[in-house]
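The basis for the numbers below is simple: all heavy atoms, side chains too, and nothing from hydrogens, waters or symmetry mates. Numbered from 1 within each chain, the chains take letters A, B, ... in sequence-line order.
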Amino acid sequence: MSVYEKEPENTYNPQVIEAKWQSIWRDQGTYNIENNDKREPYYVLCMYPYPSGQAHQGHIRNYTFGDLTVRYRTMQGYGVLSPIGFDSFGLPAENAAIKSGRHPREFTDERIGELKESLMKLGASYDWRREVKSHDPNYIYWNQIIFKKFLDAGLAYRSNAPVNWCPGCKTVLANEQVLADGTCERSGDVVVKRDLEQWFFAITKYADELLSGLEDLEWPERVKIMQRNWIGRSEGAEFSMSIEGRDDLALRVFTTRPDTSFGMTYCVLAPEHPLVSQLTTAEQRSEVESLIERVGSSSDIDRLSTEGEITKRGAFTGSYAINPFNEQPVPIYIADYVLMGYGTGAIMAVPAEDQRDFDFAKAYGLPVIRTVEPPSGWEGEAYSGSGRKINSGFLNGLEVDQAKEQALSWLEGKGIGVRKVNYRLRDWLVSRQRFWGCPIPIIYCDACGMVPVPDEDLPVVAPDDVEFRPTGESPLSYHEEFKSVACPICAKPARRETDTMDTFVDSSWYFMRFCDPWSTGEPFSKQAVEKWMPVDQYIGGIEHAILHLMYARFYVKALCDIGLAPPDLREPFKRLFTQGMIRMEGSKMSKSKGNLVAPAKYYESVGADALRLFHLFVGPPSDDVDWTNQTDNLIEGCHRFLSKVWRLSLDSIASPSTDTIDNLEAKRAGDEAADQTDGQNLGPNRRGSGENTQVDQELIRASHRAIDKVTRDLERWAYNSAVAQIMDLTNQYGKYLREGAGPDSLVLARDTILLLLSPMTPHICAELWERIYGVSQDNTIHHQTWPGADPNLLVSESAMMIVQVNGKLRDKVEVPVGIGEEEATNLILDLPKVRALLDGKSPRKVIARLPNLINVVV
RNA sequence: GCCCGGGUGGUGGAAUCGGUAGACACGGGGGCCUCAAAAGCCCUUGCUCUUACGGGCGUGCGGGUUCGACUCCCGCCCCGGGCACCA
């Protein structure tokens with residue numbers, strides 16, 4: 001037992017010190033920041049959480065990384081904006097309301113309280129004055145104002161569209177909320193198609209900028225790739241084909257391979273294509289209609305399940321189109337593999353160069369004409385690679401790329417086609433038939449049509465006296481008082497829109513509101529946004545790689561264009577970090593799976609600092625974490641390490657070999673004066689008296705190496721190896737402390753450990769710093785400057801040189817760092833081990849990477 | 001099917017520019033301290049041959065480049081993620 005631990009107040013008691021410092025931070029508003037702060041601004045943001053009650057380990061992980069960044073950047077001298085809020089609209093609260101009969105607001109506020117408490121107990125530092133909640137009437141107000149501005153700008157519109165309808169949730173789902181197997185992401189029900197009048201945001205207007213804007217973002221490459229794929233830009237041609245015997249009709253098709261037009265052997269329309277009924281001949285009608293029936297009313301799951309029975313997937317219309325390239329008629333089919341929502345909803349089919357067309361052609365006995373010579377020995381069916389054109393009239397002999405260009409020019413020259421860019425990205429469907437969301441501020445009047453709710457009547461807030469029936473329908477739709485309203489224009493009875501907005505709308509601009517949550521005249525002042533935006537470091541889960549991050553990017557561009565945001569902002573998140581997920585037995589941790597591990601039990605046993613340290617140490621932040629039966633051991637180990645830091649730090653005060661506090665204070669003051677002269681050394685970088693022994697020199701170098709390594713590791717998100725480095729320094733410090741090193745080196749090492757650790761485990765470091773230095777409240781460890789390594793101390797005078805013979809490690813020799821090649825060669829040729837291996841032969845070659853390595857080739 | 005990641009001891013992981021593979025931990029084994037325990041400290045811990053000294057093998061598999069490969073190239077296998085009729 002250490003000297004200090006004999007006194008009860010000197011044992012490491014995380015619960016006591018964590019509560020103490022958390023209340024200090026809260027009472028002092030340590031991490032509050034003003035918009036007129038003079039320091040260089042730095043905006044750190046973690047994705048605001050859906051309030052699900054007590055935090056889960058995914059939150060803990062996220063907010064630990066965020067808090068580390070906040071504290072680290074603050075120590076580097078930035079004025080850091082660190083806000084937090086709650087994504088408090090959404091389905092779970094509504095479902096809970098249906099079950100319990102309680103109002104979702106009550107339920108949500110309670111959950112926010114619980115989540116807030118777990119975040120406070122984590123010791124995360126925020127400017128709580130800036131808290132934003134989606135369900136706050138104030139936020140709803142601005143959400144609705146922005147919606148109206150979008151409407152004015154033509155960015156919000158209403159359209160009757162086939163939508164994904166979940167019979168379980170009784171609501172429309174965005175494409176993104178429908179899983180690949182055609183089921184609802186939330187309820188698992190089979191999603192069906194329905195035609196409904198819905199609100200959309202015109203995100204496709206920004207398709208090109210959403211794509212090109214990715215270039216300059218410091219985002220993980222895989223997130224950018226996912227977004228690029230989602231946008232799905234493709235270049236090609238759109239051209240018209242005449243219909244045999246029908247001079248009144250023309251068929252327009254889109255293709256990315258105009259060069260393959262000579263290989264067109266049929267055309268396909270989507271079953272929903274408007275020309276289908278006109279093109280269908282009497283004898284084909286029943287066949288065509290039965291296919292339309294099957295495709296139209298079915299769910300995607302039915303549509304997909306037809307895979308394999310390909311002959312049920314298409315029907316011949318009885319009509320023929322004329323291929324403009326060779327004037328040949330080709331039969332027109334309808335088939336479910338062509339989608340109405342993409343391109344023109346009609347394609348020219350080239351089975352030789354497209355596998356889907358090939359499969360269809362084979363099933364329907366349609367011909368295959370190759371237009372690109374496949375490589376010799378080609379065994380596949382359709383060949384979509386490059387090569388020389390054949391069977392292609394004026395394109396023969398060209399390479400695919402040239403032929404594409406020629407075909408395009410030919411189409412343009414003839415005036416039958418144009419170059420065309422298509423996107424996979426669709427407009428954002430924002431209507432939700434739910435209660436617990438931001439109401440869409442629109443009134444429908446029989447006389448005046450669609451009328452936006454006047455600003456002075458905003459916000460439109462969902463009523464309190466609602467009845468939650470287990471029908472799945474939104475209570476708004478049967479709440480007469482809410483629904484009935486006087487038309488703002490003619491005052492006659494009118495109906496309110498009862499749909500609410502997708503909750504992704506709320507999360508698309510909350511980070512701007514954080515800049516200026518007090519703003520009353522506008523959603524945020526341009527000045528504040530100009531100062532803080534874009535977010536310097538955004539941190540969140542990879543699961544938001546596409547939706548949230550795409551929508552938020554769209555929103556910022558739109559807000560710039562309608563004049564609410566500074567025009568040149570364009571992008572919200574300059575740097576993005578996506579953390580890995582917590583897994584349990586291989587599956588994603590989530591409440592629905594009942595596999596959450598609440599932080600409370602760790603707060604009570606080992607404390608928040610140990611839990612934070614575990615999340616930093618367990619592996620690379622971007623990797624998934626497997627929560628196993630070993631995990632508690634690792635957390636325990638983190639606690640043991642912190643106990644060691646505690647003990648060794650306090651022992652240093654007690655140890656007669658180190659300075660008294662008074663002496664240290666004097667020394668620090670002196671060093672600060674000295675620091676100003678060389679302008680470089682801050683914090684613990686005191687050089688000492690110059691009387692240090694060899695042992696002291698080693699510890700001093702070790703401290704500087706740790707500063708260097710940890711700083712570089714924090715910049716490259718290698719928190720696990722940063723922690724390892726601090727552990728290593730702590731082990732050395734402990735050793736030197738026992739061996740009685742001098743005070744300069746011990747104090748340096750101890751302070752270095754505490755400073756480097758302070759953004760990671762803030763409570764214990766603040767407490768120890770206070771016990772050592774007795775600092776006042778505005779001079780805690782978190783007010784210290786991040787240490788800088790002295791480059792001169794990073795290199796040693798001697799190095800361990802690896803001696804290799806034929807590339808294999810054979811020996812190690814300590815050499816001076818400046819050793820020359822000749823000297824090194826002579827030295828190693830004399831080594832007994834090398835001599836034995838040479839066996840009298842002379843070396844053929846010597847490769848030297850001095851002073852670290854030398855390799856003799858025999 | 002296409003596009004991304006990844007595969008290193010019993011476990012989590014490290015090796016940042018092609019130069020000591022396994023840092024730092026967890027777990028295991030042994031010891032010290034103790035009446036005893038907890039805590040702490042010390043030693044040990046990739047596999048394998050050897051009493052030892054010392055050797056051999058080793059980063060999913062098979063090749064290649066190089067004085068030298070976890071790292072680069074080619075071809076496979078396995079795991080995870082994203083997209084999936086987007087013409």
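- The salt bridge (charged side-chain N to carboxylate O under 4.0 Å, His left out) search around A:Arg640 returns none, not counting sequence neighbours.
- Sorted by first then second residue, the side chain to side chain donor-acceptor pair (under 3.5 Å) pairs that include residues 344-354 of chain A, not counting sequence neighbours, are A:Glu353-A:Thr371, A:Asp354-A:Arg356.
- Evaluation of the ring-ring contact (aromatic ring centres under 6.0 Å, His included) rule for A:Phe577 yields A:Trp717 as partners, not counting sequence neighbours.
- Atom-to-atom, CZ of A:Arg844 to C1' of B:C67 comes out at 8 Å; the value is rounded to the nearest Å.
- A search for side chain to side chain donor-acceptor pair (under 3.5 Å) contacts involving A:Tyr206 returns A:Asp561, not counting sequence neighbours.
- A:Asp713 is linked by a salt bridge (charged side-chain N to carboxylate O under 4.0 Å, His left out) to A:Lys709, A:Arg716, counting only residues two or more places apart in sequence or in another chain.
- Residues that satisfy the side-chain contact (heavy atoms from CB on, under 4.5 Å) test with A:Val330, not counting sequence neighbours, are A:Met264, A:Cys267, A:Ala321.
- For A:Glu636, there are no salt bridge (charged side-chain N to carboxylate O under 4.0 Å, His left out) partners at least two apart in sequence or on another chain.
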Could you go through nucleotides 26-33 of chain B and list every protein N or O atom that sits under 3.5 Å from one of its N or O atoms, giving the distance for each pair?
unit_1: B:C26; atom_1: OP1; unit_2: A:Arg640; atom_2: NH2; d: 2.7
unit_1: B:G27; atom_1: OP2; unit_2: A:Arg640; atom_2: NH2; d: 3.4

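- Under the salt bridge (charged side-chain N to carboxylate O under 4.0 Å, His left out) criterion, A:Glu381 pairs with A:Lys362, sequence neighbours left out.
- Note on residues 848-857 of chain A: no pairs pass salt bridge (charged side-chain N to carboxylate O under 4.0 Å, His left out), not counting sequence neighbours.
- With P as the reference atom, B:A38 and B:A21 are 39 Å apart, rounded to whole Å.
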Would you tabulate the nitrogen or oxygen pairs shorter than 3.5 Å linking the protein to nucleotides 42-45 of chain B?
unit_1: B:C42; atom_1: OP1; unit_2: A:Arg738; atom_2: NH2; d: 3.1

Between the protein and nucleotides 18-23 of chain B, list every N/O to N/O distance that falls short of 3.5 Å.
unit_1: B:G19; atom_1: O6; unit_2: A:Arg849; atom_2: NE; d: 3.4
unit_1: B:G19; atom_1: O6; unit_2: A:Arg849; atom_2: NH2; d: 3.2
unit_1: B:G19; atom_1: N2; unit_2: A:Gln804; atom_2: OE1; d: 3.1
unit_1: B:G19; atom_1: N2; unit_2: A:Asn855; atom_2: ND2; d: 3.4
unit_1: B:U20; atom_1: O2; unit_2: A:Lys812; atom_2: NZ; d: 2.9

